[in-house]
Asks: 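What follows is a single structure, and I will ask about it in a moment.
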Amino acid sequence: MEYVEEGPYRFRITRRGTMRVPGVVFASRELLRDAEMSLRQVVDVATLPGIVGASYAMPDVHWGYGFPIGGVAATDPGDGGVVSPGGVGFDISCGVRLLAADCDRRALQPVLHPLMDGLGRVVPRGAGPGGVWPVTGRQLERILRSGSRYAVEEGHGEERDLRRCEDGGAVADADPDQVDRRARERGLGQVGSLGSGNHFLEVQQVTQVYDESVADAFGITAGQVCVMIHCGSRGLGHQICSDHVRLMEKAMARYGITVPDRQLACAPVDSPEGRAYLGAMAAAANYGRANRQLLAEAARGVFRREAGARLTLVYDVSHNLAKTETHQVRGEPRRLCVHRKGATRAFPPGHPELPDDLRAAGQPVLIPGTMGTASYVLTGVPGGGAFHSTCHGAGRVMSRHEAARTTDGKRLRARLEGDGIAVRPVSWRGLAEETPEAYKDVDEVVAASEGAGLCRKVARLVPLGVVKG
DNA sequence: ATGTCC
């Protein structure tokens with residue numbers, strides 16, 4: 001794929017053929033090595049009806065279903081703009097929640113192993129059913145409508161949690177009627193569960209603070225112990241994605257839409273199929289937040305019992321969602337459907353949708369790294385090149401198959417434990433697939449994101465213990 | 001990512 005360097009950490013793929021907009025990739029040349037397949041996907045996304053500005057890719061871009069993971073695309077519903085389930089991904093509302101403990105590493109060290117054992121016992125994980133909060137059909141309906149707001153109403157959390165969650169814990173436009181029976185059945189037994197793959201619950205330590213005043217507003221400080229939870233909407237979100245991809249594949253011809261890859265199935269935002277998907281997707285987004293809310297509560301119980309420590313929510317943000325947002329397009333405010341797939345919303349200081357206590361600092365952006373390296377807290381910046389979006393993690397360089405082939409899970413655990421990282425895996429194969437070597441260097445990804453003007457570094461955290469999905 | 005194929 002041909003691209004030209006047009007700025008620091010910024011490359012352009014010139015518009016040609018059926019592309020409606022150019023491609024813009026934020027990365028270093030080093031990060032773009034072996035990115036051929038994902039750049040092809042950036043080009044394919046640029047052909048979607050109603051796409052605005054450019055088809056963007058973040059520095060952690062890699063190949064995904066239809067859209068690249070690390071892709072951002074905004075469409076204008078008033079100009080035939082489409083919504084595509086592939087632009088969100090199978091794990092709708094996959095995201096990260098960070099909590100700060102009222103203790104530092106030294107205070108925690110003596111109880112780290114019993115604490116990790118406790119977390120390992122209470123956190124349901126791996127494929128299939130199991131969740132800390134078994135719910136009835138009626139309760140699930142409330143979760144789909146009100147997300148973590150309902151969980152908190154039912155006693156699973158504190159009111160303050162909602163202020164520190166994207167959208168106050170729930171999006172208003174959820175339409176549970178668009179979530180069919182099968183998706184609901186899968187969702188019933190999985191509220192409060194990690195899942196598998198790259199999902200985890202980590203106990204971390206803040207090792208570096210790059211901006212004291214922003215970190216202070218977020219509620220984190222050097223040396224502090226934190227808990228990072230990375231998970232999504234489990235089988236419910238997966239089922240919704242599959243169901244609506246199928247509906248859209250059938251509907252596309254009727255709208256005269258052709259796409260270069262059938263995995264880019266889509267429908268106009270303002271169509272029955274588009275609205276149905278967005279309503280179901282929003283319901284899954286609420287499910288994802290409730291899921292993380294329940295896992296946070298489980299972690300709070302263990303921290304209280306084993307360490308006498310309290311966990312306070314820093315923030316909860318998704319990196320797999322499509323949202324209706326207002327953005328300036330050629331100086332005019334326009335309501336757009338912004339797809340972020342493996343890309344994190346990063347609102348700048350002063351953004352009207354931020355709660356009062358974050359208004360001056362900007363939106364906390366939570367970046368899960370790998371279990372052997374580091375994770376980051378970033379914040380949004382003015383300008384924000386790609387509809388206020390940035391990276392979402394380290395980004396894979398090795399396939400799951402290759403990682404499992406070249407890594408021995410037991411030896412990996414021994415290595416991590418030798419580095420002082422307590423590991424509570426659920427399967428050796430799952431652990432091996434997530435070996436740090438399977439990922440890009442998260443420090444480089446974050447440096448590229450900052451260098452490209454997408455975000456700013458606030459803090460770096462390293463793992464002390466990992467409960468692996 | 002996912003009751004890793006209805």
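Quick note on labels: first sequence line is chain A, next is B, and so on, each numbered from 1.
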Asks: Among A:H388, A:R345, A:M58, A:K341, which one satisfies side-chain contact (heavy atoms from CB on, under 4.5 Å) with A:V72?
Replies: A:M58

Asks: Would you find more than 12 non-hydrogen atoms of other residues, nucleotides or ligands less than 6.0 Å from A:R33 atom CZ?
Replies: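 Not more than 12 within 6.0 Å, no.
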
Asks: When the distance from CD of A:E185 to C1' of B:dT2 is rounded to whole Å, what number comes out?
Replies: 16 Å

Asks: Taking atom P of B:dT2 as reference, at what distance in whole Å does atom CD of A:Q190 sit?
Replies: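 Between P of B:dT2 and CD of A:Q190: 8 Å.
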
Asks: Whole angstrom is fine here: how far is it from CG in A:D91 over to P in B:dT4?
Replies: 15 Å

Asks: How would you label the contact of A:G237 with the nucleic acid (heavy atoms, under 4.0 Å): base, sugar-phosphate, or nothing?
Replies: nothing

Asks: Figure out the NE2/P separation between A:H238 and B:dC6, and round it to whole Å.
Replies: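 From A:H238 NE2 to B:dC6 P: 9 Å.
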
Asks: In whole Å, I'd like the distance from the CZ atom of A:F90 to the C1' atom of B:dC5.
Replies: 12 Å

Asks: Specify the separation, in whole Å, of atom OH of A:Y65 and atom C1' of B:dT4.
Replies: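 A:Y65 atom OH is separated from B:dT4 atom C1' by 15 Å.
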
Asks: What is the nucleic acid contact for A:G235, judged by heavy atoms within less than 4.0 Å: base, sugar-phosphate only, or nothing?
Replies: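 Sugar-phosphate only.
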
Asks: Using atom CZ of A:R400 as one end and atom P of B:dT4 as the other, report the distance to the nearest whole Å.
Replies: 15 Å

Asks: On DNA chain B, nearest-nucleotide positions of A:A127 versus A:G197: which is more 5'?
Replies: A:G197

Asks: Inspect the contact between A:E141 and A:R138 and indicate whether a charged nitrogen and a carboxylate oxygen are less than 4.0 angstrom apart.
Replies: no

Asks: Could you tell me whether the phosphate oxygens of B:dT4, OP1 or OP2, come under 4.0 Å of any side-chain nitrogen or oxygen in A:S196?
Replies: no

Asks: Tell me if a side-chain donor or acceptor on A:R125 pairs with a main-chain N or O of A:K468 at a distance below 3.5 Å.
Replies: yes

Asks: Using a 4.0 Å heavy-atom cut-off, does A:G128 contact any base of the nucleic acid, only the sugar-phosphate backbone, or nothing at all?
Replies: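 The residue A:G128 makes sugar-phosphate contact but no base contact.
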
Asks: Over all strands shown, is A:E433 touching base, sugar-phosphate only, or nothing at heavy-atom distances under 4.0 angstrom?
Replies: nothing

